[in-house]
Amino acid sequence: MISTTGQAAGLLSIRNLRKSFGTNLVLDDVSLDVQQGECVVLIGASGSGKSTLLRCVNLLEVVDDGVIELAGADITDPRVNADQVRSRVGIVFQAFNLFPHLTVLQNVTLSPIKVHGLPRAEAETRARAMLERVGLSDKATAKPDELSGGQQQRVAIARALVNSPVLMLLDEVTSALDPELVGEVLSLLRELKDEGMTMLIATHEMGFAKQVADTVCFLDGGRLLEVGPPSQVLEDPEQPRTRQFLARIIEAGRL
Ligand code: ADP
Ligand code: MG
């Protein structure tokens, strides 16, 4: 997709986004492009605005100013059907947010059936394919509390994939997991990236960011301070604030 200026517009194009909660300016003039097939990783301290940015893209927050375009269409337009946008933009949260009283299969078929009116049989076929994709075919009839955290998170990823999204948003999806379960979820994300999925990921997993991200963005107090390839932002940052943040991460033994 080439815009009139000759610049390639992203699959996702965020322009001059502002978001406040009361007097707290949480996203301050954020502009970011995510190209088709690109994996963009958001890093930044707690409270820097990573979750809010992802939630704005999924229309879980109303933006105060700016534009978010998905495949060239402004999704912040109030006339836009939010459910349709959400079927094209999958989101996965830190806390898996599965329904505890439903089976794994029912969790994954819920949105295709209830929101998109898919016949149950078709929704189940799709859901089973997604469960197979995340390596959990044998857990379709299990309840979430019978699964490990890593398995629950993979179900949440299957649920986000079931509507064939063009973009996946992942918000610290390994932060609630025991350390030994982090790897299985990160491997799955790596595979999705290799299959060409476009992803915007907030994470503290710097090793993963280094290996998998095409672009790393450092958010600081709601401003996008530094954007570039991981080799630059993580290994040779230009901004003192980025250096400080990474130094703290290294101190904590996470890089
Ligand atoms: P991060 O994900 O980087 O930790 P968040 O996007 O969760 O950051 O939060 C950014 C800021 O927005 C924080 O100051 C947080 O307290 C505030 N915030 C987030 N959600 C809400 C909300 N629903 N109501 C009020 N303040 C919020
Ligand atoms: Mg967050």
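When a ligand or atom number is given, it counts from 1 through the structure's own listing order. All values below come from the heavy atoms of this structure, side chains included, with hydrogens, waters and symmetry mates left out.
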Short N-O contact, [X] and [Y], less than 4.0 angstrom:
{"X": "R15", "Y": "E69", "value": "no"}
{"X": "R18", "Y": "D64", "value": "no"}
{"X": "E191", "Y": "R133", "value": "yes"}

Nearest heavy atom to atom 13 (C) of ligand 1 wins, so pick from S51, C56, G47.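 Checking each option, the heavy atom nearest atom 13 (C) of ligand 1 is found in G47.
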
List every atom of ligand 1 that sits less than 4.0 Å from any heavy atom of [X], numbering the atoms from 1 in the order shown and giving each element.
{"X": "A45", "value": "3 (O)"}
{"X": "S46", "value": "4 (O)"}
{"X": "N24", "value": "14 (O)"}
{"X": "V26", "value": "10 (C), 11 (C), 12 (O)"}

Over 12 non-hydrogen atoms of neighbours within 6.0 angstrom of CD in E132: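 For E132, atom CD is not crowded (no more than 12 foreign heavy atoms under 6.0 Å).
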
[X], portion touching ligand 1 at heavy-atom distance under 4.0 Å:
{"X": "A202", "value": "neither"}
{"X": "L53", "value": "neither"}
{"X": "T52", "value": "both"}

Any luck finding a side-chain donor-acceptor pair between T215 and E38 under 3.5 Å? yes

Looking at ligand 1, does any of its N/O atoms fall within less than 3.5 Å of an N/O of [X]?
{"X": "E61", "answer": "no"}
{"X": "F21", "answer": "no"}
{"X": "G49", "answer": "yes"}
{"X": "K50", "answer": "yes"}

If you group Ile, Leu, Val, Met, Phe, Trp and Tyr by side-chain heavy-atom gaps below 4.5 Å, do L167 and V80 land in one group? yes

Measure from atom 15 (C) of ligand 1 to the protein's non-hydrogen atoms and state whether any distance is below 4.0 Å. no

Sub-4.0 Å protein heavy atom next to atom 5 (P) of ligand 1: yes

Taking the side chain as every heavy atom from C-beta outward, state whether L161 and L192 have any pair of such atoms under 4.5 Å apart. yes

If every non-hydrogen atom of G44 is compared with every non-hydrogen atom of S48, which pair is closest and at what distance? C-OG, 3.5 Å

